[in-house]
Amino acid sequence: MIRLEVEQGEARGRTLERDTPEITVGRAPNSDLLLPDWHVSGAHGVLRLDPADGTVHFRDNRSTNGSRVSRGTAVLPVDSSCLFERELVPGDKLILGDPHHPVVVRVGFTPRRTATGTDPYSMPTVPGLADTVQPGSPAAASIRSTAQAIVSGGVSGGVSGGVALPPSPVLVSSPEPTATQPPEPEARVVAIRTVATVGQAREAIESDPLSLKALLTSLRALSSALEMDEVLDAVATAVFDLVGRATHLTVALKDESTGDKPTYVPVTTRIRGATGAPSEAVPITRSVVRKVVEQRAAVLAADAREVGETASILGAKILSTMGVPLWKGDDILGVLQVDNRASAGIFKERDLDLLMVVAQQASMAVANARLYSRVKLAEANTKTENSFLRQRTQKKVDLIGESAPIKALHEKLAKVVDTRVTVLIEGETGTGKELVASMIHNLSRRRDRLFIAQNCAALPETLLESELFGHKKGAFTDATADKKGLFELAHEGTIFLDELGEMPLALQPKILRVLQLGEVRPLGSGVTRTVDVRIVAATNRNLEAEVAAGRFRQDLYYRLQVFPIRVPPLRERREDIPLLANHFLKRCAHELGRPVLGFSQQAMELLMSYEWQGNVRELENEVQRLVIQSEPNSYLMPEHLSPRIRNIEGLLDRIRPPRGTLKDMMEHIEKWLLIEALREHGNNKSATAKTLGITREGLHKKLKGYGIS
């Protein structure tokens, strides 16, 4: 049976008793409880009775002016924070509609019964506690003002005393009830102080010079603590110094990883006069912690022996306990629980006032300690990442090879690494132009700064300009914040512009300005910035032909052409193929965990005779494919190679003579063999003649006959 009584509003005095699963409340004529007040919605809310367990819930139907539940001295919002529904207890009051002049409806019903048949929500009279909250005391004034605010309508949107109440019931990290451990009843509360009254408590303490001096002395260490352990030590010292009856202290902090359902985990327990951790586990009083979190208030619970001893209070043999929130704005950071387990009697109101003032300072210290911990972690991560990136960028890189073209390349690099000259690297795709650029950076005095590579063909014009030069917030549609460009990030370092020949013509003057003046201007900004960046560019295009075609600026071409370096294709340094192939084989076998003995002679000969249009990159990909398909501890045979490499027709296609007489075709083949032999020996005619098995004079005669100089 549910009984509703309107205590305030136009329908004041109206009552309704129903034994139905649902009772509707609102201004609509068909409402079970009709409330004609203008600020009450038509279908304002509904009360639902669960016949299985006798619980009653009130659901707000997204009303215009909202609903609240008044329970004792607390006001609980019924809004999105609790999914617009709250469970009621007998004696609750529904605060409906206009926050300043609400409709107040008292709710009564037969509550669910425990196994012993007692009402868990009843509040028995506690002998010896009648004088705990004295008339005229701050606690009585606070409770009385809160109750008057509820009755007079001074409750708005779940705000009590100017401080927002918590959004929903909060989980407490503690053992769940079992078959042998019944659910813990509500703690028997003697006094409650909302966080809004901390100012009154502070004024009361400050009015007493002796208390103020003791407070300042106790909190001095707390104000200077940075680490969480230091904060907890200072809190324990302050509490034991200020609260004479306190014997045990427990701090439960919010687990920030639990998301929407916060859990408060006990992190430390301190015992007066003891050092180190206690010898036995100290259970937290879950009902007290839950009330502290839900009502954002300091709670003083009664003597456990005289109030029936709730489960955790009994287990801990607590005579009385205080729970105080640690808060920052609307967020409850944790709960400070202080127990008296030594002597009869309970804490006094002054103890609660002192504890609230300590908790206010401790709240700030806990928040700062957590922030300090996050900053230290972020700093450590940044140092680790910077160290990793520096080691990665400074990792020794080198061009593998002993051929004459590679030796000549090394000689050119040695002359330019420590100059400010812009380097233009030319070569076919896959020859290792970025590797050469990285070598220039790592061998130079800029090695300790950043090396940044950007492919100019990978982004459209607008995005490439933003990437290189940066942009201001609002410069274009997706520019939601300022962004530094790569030129600024590479200050005092090196930037590698790959595929520069494909850069849009409109961006080329800006690159020229960086080369000439060292100035960059972010998109959307009217301010130029000076940077010290060494530019290394690369292209696989013929820039001279691009200039003639009008696709590349002539002035930029001449500015880049100060020191050109050509990376030879792999077919011009075939003697390096065995070194490269074995290097890639060793690395891939290690990365893939597949030991391979090496290449057979026939397989290596086929690799050396192939043209490698994709150059070193194509060779690396081929070796990786070979390792993947190979059997462990085996040699790579010709049949393992790709068809295009092992097909002998590839070689025949390169030397196939044009149709003609036998004499003409033989001369064509002989001429090709002479040219290949000279190339392999770097035009050394004596070595070429020796390899071919003819005299130097005979070689000269043949070369002259074929017109080869």
Side-chain angles (χ1 to χ4, degrees), residues 1-7 14-26 31-35 43-61 63 67-79 81-96 103-125 150 165-172 174-189 261 286-291 293-295 307-314:
M1 177 72 71
I2 299 178
R3 186 178 189 277
L4 303 178
E5 179 182 353
V6 182
E7 294 187 346
R14 182 175 299 171
T15 60
L16 175 69
E17 291 188 3
R18 288 284 180 89
D19 193 12
T20 57
E22 289 188 356
I23 299 177
T24 59
V25 177
S31 300
D32 294 326
L33 180 61
L34 178 61
L35 302 173
H44 197 98
V46 59
L47 290 94
R48 291 193 175 94
L49 171 64
D50 188 341
D53 57 10
T55 58
V56 175
H57 290 76
F58 173 74
R59 179 171 182 80
D60 183 275
N61 292 330
S63 60
S67 306
R68 280 80 63 202
V69 174
S70 170
R71 180 176 301 162
T73 60
V75 178
L76 310 178
V78 186
D79 54 17
S81 64
C82 60
L83 301 179
F84 293 93
E85 185 170 329
R86 281 200 182 274
E87 181 178 351
L88 303 180
V89 299
D92 279 352
K93 295 182 180 181
L94 301 179
I95 313 297
L96 310 177
V103 173
V104 179
V105 180
R106 177 181 290 275
V107 181
F109 60 92
T110 303
R112 55 188 172 181
R113 299 290 173 175
T114 62
T116 59
T118 60
D119 180 0
Y121 298 110
S122 62
M123 183 67 74
T125 302
I150 295 172
L165 292 169
S168 59
V170 182
L171 300 177
V172 177
S174 57
E176 294 296 327
T178 62
T180 58
Q181 178 186 351
E184 179 185 289
E186 294 292 321
R188 305 308 188 244
V189 176
K261 293 185 177 181
R286 298 193 307 275
S287 59
V288 171
V289 173
R290 183 168 58 250
K291 191 175 293 291
V293 173
E294 287 183 349
Q295 300 188 17
V307 299
E309 299 186 338
T310 64
S312 58
I313 291 181
L314 175 63

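As a basis for the values below, the full set of heavy atoms in this structure was taken, side chains included, without hydrogen atoms, waters or symmetry mates. For reference, positions follow the sequence shown, starting with 1.
Minimum interatomic distance between Thr20 and Leu49 (heavy atoms only, all atoms of both residues): O-CB, 4.0 Å.
Rounding to the nearest 0.5 Å places CZ of Arg3 at 5.5 Å from CD of Glu17. To the nearest 0.5 angstrom, Leu16 atom CG is 6.5 Å from Asp32 atom CG. Annotation: the span from Arg106 atom CZ to Glu5 atom CD amounts to 7.0 Å, rounded to 0.5 Å. Summarising the geometry, atom CD belonging to Glu87 is positioned 11.5 Å from atom CG belonging to Leu76; distances are rounded to the nearest 0.5 Å. A distance of 10.0 Å separates CG in Asp79 from OG in Ser63, rounded to the nearest 0.5 Å.
Under the side-chain contact (heavy atoms from CB on, under 4.5 Å) criterion, Ser31 pairs with Thr24, Ala28, not counting sequence neighbours. For Asp19, there are no salt bridge (Lys or Arg N to Asp or Glu O under 4.0 Å) partners, not counting sequence neighbours.
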*Apply side-chain contact (heavy atoms from CB on, under 4.5 Å) to Leu94 and Val104, showing your working.*
CA-CA 6 Å; Leu94 301 179; Val104 179; over 6 Å; no
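No donor-acceptor pair under 3.5 Å is formed between the side chain of Arg14 and the backbone N or O of Leu33. Side-chain atoms of Arg86 come within 3.5 Å of backbone atoms of Pro77 as a donor-acceptor pair (strictly under, hydrogens ignored). Looking only at distances, no side-chain donor or acceptor of Asp60 sits under 3.5 Å from a matching main-chain atom of Val78.
Contact annotation: the side chain of Leu96 approaches that of Phe58 to within less than 4.5 Å [non-hydrogen atoms, C-beta and beyond]. Asp92 is listed as a side-chain neighbour of Arg71, based on a closest heavy-atom distance under 4.5 Å. The side-chain heavy atoms of Leu4 and Val107, taken from C-beta on, include a pair separated by under 4.5 Å. Here the side chains of Leu47 and Leu88 are in contact, with some heavy-atom distance below 4.5 Å. Using a 4.5 Å heavy-atom cutoff, the side chains of Gln295 and Thr73 are in contact.
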